[in-house]
Amino acid sequence: MLHLALLLQLQATDSVYATSALKTFIARAAIENLAPPRELMGYRAVAETEFGFILRDSLGREVVGQVEQLAARAEWDRGGRYDLHVVGYRAQSAGAPYSALTFTRMYTVPTLYGSRLAIGMNDGVARNRADSNFRRRVQRDDSAAGRRPYRAVHPLAGDRDRYYRFTGGDTVAIISSAGRTIRVVRVNTDLISDPAANFVGFKGELDFDADRFQLVRMRGRFENITSRKDPLFVRRTGAVAVAFVEFENAEVGGKYWLPAFQRSEFQAQMQLMGDVRPIYRIITRFREFRLDVNDALIAETGHSEPTALSPTRAKLTFASQDSVSKYGAWEENMGSKIGAVGPDDFQDLAPDFWKPTGAPTVSYWPKQMEEVVRYNRVEGLFTGLAGNIRFRDAAPGLTARGTIGAAWEEQSLRGLVAANLRRGRWVSEARVERALAVTNDFLDPFVRGLSIGPLFSSTDEYDYVDRWSAALSTTRIIKDVDRALFSVEAAAVRDRPEVARLANGLLSTGVAFRPNRAAFGGDYVRGTVALEYHPRVTGGGLSPGLGARVEYVVASGDLDWQRLQVGLSARRYWHGLVFASHVDAGAVEGSVLPPQVLYELGGGLNLPSYANKAFGGDRAALGRGLVAYYLPVLRTPKRLGRWVIPGISPGIGAGIRGGWTGASSPAARASLLALGGDGITPLSVPSDRVRATADVRVTILSGVMGFGMARAVDQPAR
């Protein structure tokens, strides 16, 4: 019986640790990381944090919709007290009227010492009433289901063998600090998939100072191992959410490993809403450490087992309103921290659903929401189905997808079949498609022109053409997806004109739809070449920097034309000032120009002072610029119930938006007449000059809302 027990114990050990040496190393590390050296009583530091809300497309391009910066004085002591006293705050938003602090209770970790996870589930200590209610509900549900209490388990906890497996133990780096050569050893952690254990654990990499056995870096993700079912809403919408972290320490005072860089990233995907992935990113850098060291304890000799640290008790406070608003000692400009990293940094740690390797997967979610439901004046209500196959290990990098749907008013079918192959920095695709193509120009990123909106508003500012196409394309990622993209496409295309079949929307019968503009039908071959530089910097996002896009299209056949289009974006933050601009320009050439390739400007989408598509031509330019200053007053966020909103954060600004179109040839003027109308007066006319509107404004909530005065500057106006 004793031999059997020893055999079972050895087998259990082998299943947890790759080698006996690794087991010994982790046991020593668990002891050394219970607490920092006993003479370190605490520290003070400056922690500068940036929060960002980001949308990511399937290729990896990011558009930043909100940025917040906090500067705080961080104070920690080994009794568990951790105070973050915010001394500076500023924000920029493209439309979200809330602060990231709504969802974040503890956005930094004071130390990697200890045997508790002070992130994600925090450390088991409730921070507020909502947190207490949530924990009580979890405990009640677990008790009723006979599950163990749900808790977060540190990979260096005393009972770690129940929850973790450990591999690795190799030297991955040698660094020098304060005259000391430090060998860094990496250990990989994995979780034991026992749903009855009912816990959240860390899966990833642990880097240790090999001489002192102290943890210097954690990089990985948190994973739930539980028999608890996700909420019904999550299961029915195909929602996947993952929390990634990367925490790096630096040796301070030649002896203590304290936080230097911390990144938490929450990525989610609701498959019902398509392939756009929202990302919530938090990046903190620590500096200016002041240590509280008890010199008397340094002089003591002898070694005693360290005592475990008390649970962290985090507290977030704000300095006075005036002090927070006037803070000017920022280390970096807004957007620079979250823009210096990308979501694919954690690709190797992604859940199986997001990984390019593994068994083939089949899903029935759309790439865009409009593939399964939309409404417009041409199709009426459109409903469809979508499905895709990711072949993964069966055919690395290959994905096939298809859609099919019915336009009920039009009584026709539309859809596509496509195959996509991604190998390294090359992305290639073949597709056959019948689409309702939008002919509007200079659209912002993530605006595709098809939605359910016209069902409710009877406002449909887009025009459409029925387009059949068979295309081959390839995209080269230059260095990385944030640096540049080069794309080439060849397609056989058939265009057919469409008409508006509905008079108004279902829920707004008092507003009439306008007619769909005319198009020429014909078959042609189309070639496209495009180059994007800094795709993250666009007219619709908040990322600072300079971005550009150049596209050349040539068509030959029944419809014969060429088109060159250029877009430039720039944004910069400087001492409370914001400078932003975006310019598009294009030209079309051809002896006979199809109306659907002309440029049309005017209306809320690009020139709000003028009627929808009032101006048109074969030459066009559209630009907008903004200079704003956010006053150093009233910036402190405010809590309204469970929500935290940015401070009033008033600002003043001046903007200008202008456009120009020209008809350079008889072909262009004839095409304008062909757009529709009475055949004598074009629906869209050349603008003759730059048509522009200037405004002055007062904004609140970091730019979310504003009011002011605007007037046309190209002609006498009020």
(request) Using the salt bridge (Lys or Arg N to Asp or Glu O under 4.0 Å) rule, pick out the option among Glu371, Glu370, Glu498, Glu433 that qualifies with Arg414. (result) Glu498
Is it true that [Y] and [X] share a donor-acceptor pair across their side chains at a distance under 3.5 Å?
X      : Y      : value
Gln411 : Glu409 : no
Tyr464 : Asp460 : yes
Asp393 : Thr357 : no
Lys367 : Asn388 : no
Trp426 : Thr475 : no

(request) Would you check, one step at a time, whether the test side chain to side chain donor-acceptor pair (under 3.5 Å) holds for Asp584 with Gln565? (result) CA-CA 7 Å; Asp584 288 299; Gln565 189 165 301; 5.2 Å; no
Return yes if some donor-acceptor pair links the side-chain N/O of [X] with the main-chain N/O of [Y] below 3.5 Å, else return no.
X      : Y      : value
Arg476 : Phe486 : no
Asp463 : Arg517 : yes
Arg434 : Leu413 : yes
Arg501 : Val378 : yes
Arg390 : Lys355 : yes
Ser469 : Ala471 : no
Arg624 : Gly539 : yes

[X] atom [atom1]: more than 12 heavy-atom contacts under 6.0 Å:
X      : atom1 : result
Tyr552 : OH    : yes
Arg669 : CZ    : yes
Arg689 : CZ    : yes

(request) Provide the closest heavy-atom pair for Trp354 versus Gln347 in the form atom of the first, atom of the second, distance. (result) O-NE2, 3.3 Å
Does [X] pair with [Y] as a salt bridge, N-O distance under 4.0 Å?
X      : Y      : result
Arg563 : Asp618 : no
Glu589 : Arg619 : yes
Glu461 : Arg514 : no

Gap between atom [atom2] of [Y] and atom [atom1] of [X] - 0.5 Å precision:
X      : Y      : atom1 : atom2 : value
Leu542 : Gln92  : CG    : CD    : 6.0 Å
Tyr364 : Thr403 : OH    : OG1   : 14.5 Å
Phe456 : Tyr375 : CZ    : OH    : 10.0 Å

(request) Let me see the working for Asp495 and Asp466 under side-chain contact (heavy atoms from CB on, under 4.5 Å), right down to the final yes or no. (result) CA-CA 6 Å; Asp495 279 2; Asp466 183 42; over 6 Å; no
(message) Please evaluate residues Val63 and Ile54 with respect to the criterion side-chain contact (heavy atoms from CB on, under 4.5 Å), reporting the C-alpha separation (whole Å), side-chain torsions for both, the decisive distance (0.1 Å), and the verdict.
(response) CA-CA 6 Å; Val63 173; Ile54 301 158; over 6 Å; no
When you compare the side chain of [Y] with that of [X], does any pair of heavy atoms fall below 4.5 Å?
X      : Y      : value
Leu672 : Leu598 : yes
Glu62  : Arg281 : yes
Val553 : Trp561 : yes

(request) Using the ring-ring contact (aromatic ring centres under 6.0 Å, His included) rule, take Tyr599 and Phe615 through it: C-alpha gap first, then chi angles, then the decisive distance, then the call. (result) CA-CA 8 Å; Tyr599 289 99; Phe615 307 112; over 10 Å; no
(request) Would you kindly check if the NZ (Lys) or CZ (Arg) of Arg374 is within the cone defined by 45 degrees around the ring axis of Phe382 and under 6.0 Å from the six-membered ring centre? (result)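 Relative to the ring axis of Phe382, which defines the angle, Arg374 lies inside both limits.
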(message) Would Thr399 and Asn420 count as a side chain to side chain donor-acceptor pair (under 3.5 Å) here? Give the steps.
(response) CA-CA 5 Å; Thr399 301; Asn420 181 286; 5.3 Å; no
